[in-house]
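Owing to the predicted nature of the structure, the values given are computational and were not obtained by experimental measurement. Order of listing sets the numbers, starting from 1, for every ligand and every atom in it.
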Amino acid sequence: MSDHAFVRTTKLPGGEAVPVLGQGTWRMGEDTSKLPSEVAALRLGIELGMRVIDTAEMYASGGAEKVVGEAIAGRRDQVFVVTKFYPQNEQIDLYLLHWRGDVPLKETLAGFADLLEAKKIRYAGVSNFDVDDLTELARLKGGLERIVTNQVLYNLERRGIEWDLLPWMRKRHRPVMAYSPVEEGLLTHPHPVLKRVAERHDATPAQVALAWVIRDDGVVAIPKAADPKHVRENRGAADIKLTKRDLDELDESFPAPEGRKPLESR
Ligand code: NAP
């Protein structure tokens with residue numbers, strides 16, 4: 001890959017570097033006539049350096065995983081694949097428990113241990129875990145060692161995790177994966193403050209919203225974009241460095257949490 005394709009990285013425990021900007025796939029694979037364009041969008045994103053691809057068996061009942069499979073064929077070694085639920089045939093880089101269910105965490109950890117040992121997955125993680133869940137997990141033998149990330153809802157409109165979850169993860173050197181980083185498209189509409197900040201950077205509101213999510217180390221954003229124009233735009237966000245003035249203005253319109261809030265999810 002050329003230097004042009006390089007996106008800033010963050011480190012997983014153990015030292016492996018992953019790009020702070022990747023691609024989501026929720027709502028891909030639902031309509032087979034869109035397969036070629038969705039595959040093309042993901043490939044474009046990979047070429048532009050957004051090499052983390054997030055999917056799940058649940059998305060389109062396996063349809064999104066098929067799109068990913070096709071998009072990464074012949075370029076598997078360039079991509080960091082994250083999925084949730086059952087592993088497919090190819091090795092998975094990062095396998096997440098989609099949310100906390102009724103299965104005791106101890107059993108999930110044992111399952112992860114088997115998959116790691118069999119080299120079916122390279123890393124394990126969780127999703128939609130609040131601090132209480134993480135604390136419980138960390139108390140179990142081998143709990144924290146095996147879990148390298150927590151994928152949660154995080155964007156300008158939903159800053160709850162900044163109160164306790166984000167600091168908890170940072171203290172333990174585990175990046176957070178931010179899903180719905182443009183609030184499912186909502187933050188791409190012209191909001192007056194986003195627009196003002198965007199104009200100063202000759203950027204779009206979506207780019208500012210994404211640049212904000214990955215403004216500090218330890219966060220990986222996974223925007224979903226099937227439109228190639230959006231893919232290119234999102235890649236551009238990795239090169240935007242927001243200033244203190246930008247951040248102060250954004251804080252005024254999208255205030256930081258002033259107390260603990262239960263984790264939001266979708
Ligand atoms: P999102 O990435 O915040 O928003 C996606 C929507 O925004 C799409 O409609 C997309 O349109 C549009 N968009 C993207 N970039 C844009 C741009 N530059 N300008 C204008 N519109 C833009 O929401 P999300 O899909 O909910 O979240 C991202 C990924 O996180 C998911 O795809 C999934 O992989 C993951 N996720 C995980 C969980 C979990 O429980 N772990 C939950 C939700 C999501 P086009 O497609 O038309 O380009």
Side-chain angles (χ1 to χ4, degrees), residues 20-31 34-35 37-45 48 50-60 62-68 71 79-85 92-101 124-130 133 147 149-158 161 165 175-191 194-195 198 201 203-214 219-240 263-266:
V20 295
L21 202 57
Q23 303 181 80
T25 61
W26 190 19
R27 303 208 168 89
M28 286 190 180
E30 288 174 357
D31 175 351
K34 291 195 180 142
L35 184 85
S37 59
E38 289 170 348
V39 166
L42 288 177
R43 286 193 177 159
L44 175 63
L48 295 174
M50 295 188 285
R51 299 184 297 102
V52 175
I53 299 198
D54 179 79
T55 188
E57 189 174 33
M58 187 183 80
Y59 300 163
E65 283 186 339
K66 279 199 194 124
V67 177
V68 173
V79 183
F80 190 91
V81 178
V82 184
T83 192
K84 319 178 196 90
F85 286 122
I92 287 159
D93 293 306
L94 172 58
Y95 177 55
L96 307 181
L97 173 63
H98 211 152
W99 55 78
R100 192 165 176 188
V126 293
S127 177
N128 297 304
F129 265 45
D130 209 343
D133 303 309
I147 301 302
T149 191
N150 183 18
Q151 186 180 112
V152 292
L153 179 59
Y154 182 49
N155 61 49
L156 268 168
E157 292 269 11
R158 300 176 188 269
I161 67 163
L165 197 150
V176 158
M177 290 186 77
Y179 71 68
S180 306
V182 290
E183 186 64 4
E184 295 191 309
L186 200 74
L187 290 166
T188 67
H189 301 308
H191 173 286
L194 267 182
K195 209 168 148 237
H201 289 271
T204 65
Q207 288 179 317
V208 171
L210 277 176
W212 179 89
V213 168
I214 56 171
V219 179
V220 175
I222 45 165
K224 177 260 179 186
D227 180 334
K229 184 177 158 277
H230 295 161
V231 175
R232 287 184 191 282
E233 208 176 302
N234 294 349
R235 166 60 186 87
D239 298 330
I240 296 173
L263 182 66
E264 293 182 277
S265 65
R266 57 171 49 116

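Applying the 4.0 Å criterion to heavy atoms of Gly185 picks out, from ligand 1, the atoms 4 (O), 6 (C), 7 (O). Residue Lys84 approaches ligand 1 through these ligand atoms, each under 4.0 Å from one of its heavy atoms: 41 (N). Close approach of ligand 1 to Ala206 (heavy-atom distance below 4.0 Å) involves ligand atoms 17 (C), 18 (N), 19 (N). Against a heavy-atom cut-off of under 4.0 Å, Ile222 is close to the following atoms of ligand 1: 28 (C), 29 (C), 30 (O), 35 (C). Atoms of ligand 1 found under 4.0 Å from any heavy atom of His98 (numbered from 1 in listed order, with element): 39 (C), 40 (O), 41 (N).
Contacts with ligand 1 closer than 4.0 Å are made by side-chain heavy atoms of Ser127 only, the backbone lying farther away. Contact annotation: for Val182 versus ligand 1, heavy atoms closer than 4.0 Å belong to both the backbone and the side chain. In Ala41, neither the side chain nor the backbone holds a heavy atom less than 4.0 Å from any atom of ligand 1.
Nearest to atom 39 (C) of ligand 1 among the protein's heavy atoms is Tyr179 CE2, 3.2 Å. Scanning all protein heavy atoms for the shortest distance to atom 35 (C) of ligand 1 gives Asp54 OD2, 3.3 Å. Nearest protein heavy-atom contact of atom 25 (O) of ligand 1 is Lys224 CB, 3.4 Å. Atom 23 (O) of ligand 1 has its closest protein heavy atom at Ser180 CA, 3.4 Å. The protein non-hydrogen atom at the shortest distance from atom 32 (O) of ligand 1 is Trp26 N, 2.8 Å. Considering only non-hydrogen protein atoms, atom 40 (O) of ligand 1 sits nearest to Asn128 ND2, 2.9 Å.
Annotation: Pro223 places no N or O atom under 3.5 Å from an N or O atom of ligand 1; distance criterion only. Between Thr55 and ligand 1, not a single N/O pair is under 3.5 Å apart. The shortest N/O to N/O separation between Ala226 and ligand 1 falls below 3.5 Å.
Under the 4.0 Å criterion applied to side-chain N and carboxylate O atoms, Lys84 and Asp54 are assigned as salt-bridge partners. Comment: Arg266 engages Glu184 in a salt bridge, judged by a side-chain N to carboxylate O separation of less than 4.0 angstrom.
Between the CG atom in Asn128 and the CG atom in Leu263 there is a gap of 6.5 Å [rounded to 0.5 Å]. With rounding to the nearest 0.5 Å, the separation of CD in Glu264 from CD in Glu157 is 10.0 Å. Interatomic distance, Glu183 CD to Leu153 CG, rounded to the nearest 0.5 Å: 6.0 Å.
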Stepwise, does the side chain to side chain contact (heavy atoms under 4.5 Å, CB included) test hold for Glu65 with Glu57? CA-CA 6 Å; Glu65 283 186 339; Glu57 189 174 33; 3.9 Å; yes
Show your reasoning for whether side chain to side chain contact (heavy atoms under 4.5 Å, CB included) applies to Asp130 and Leu165. CA-CA 7 Å; Asp130 209 343; Leu165 197 150; 4.1 Å; yes
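The shortest distance between side-chain heavy atoms of Val52 and Ile222 falls below 4.5 Å.
At least one heavy atom of Tyr59 sits less than 4.0 Å from an atom of ligand 1.
Nearest to atom 13 (N) of ligand 1 by heavy atom, out of Arg235, His230, Glu183, Met58, is His230. For the residues Asn234, Asn150, Leu210, the heavy atom positioned nearest atom 18 (N) of ligand 1 is part of Asn234. Taking all heavy atoms of Glu38, Glu184, Gln151, Gln23 into account, the minimum distance to atom 4 (O) of ligand 1 is reached by Glu184.
None of Leu156, Val219, Val182, Leu187 except one satisfies the side-chain contact (heavy atoms from CB on, under 4.5 Å) rule with Val213; the exception is Val219.
In this structure a side-chain-to-backbone donor-acceptor pair under 3.5 Å is present from Thr204 to Gln207. Listed for the Arg51 side chain is no donor-acceptor partner under 3.5 Å among the backbone atoms of Phe80. Without hydrogens or angle criteria, Arg235 side chain to Leu48 main chain gives a donor-acceptor distance under 3.5 Å.
The presence of a protein heavy atom under 4.0 Å from atom 9 (O) of ligand 1 is ruled out.
Using a 30° and 60° split on the angle between ring planes, Trp212 and Tyr154 fall in the tilted class, from 30° to 60°.
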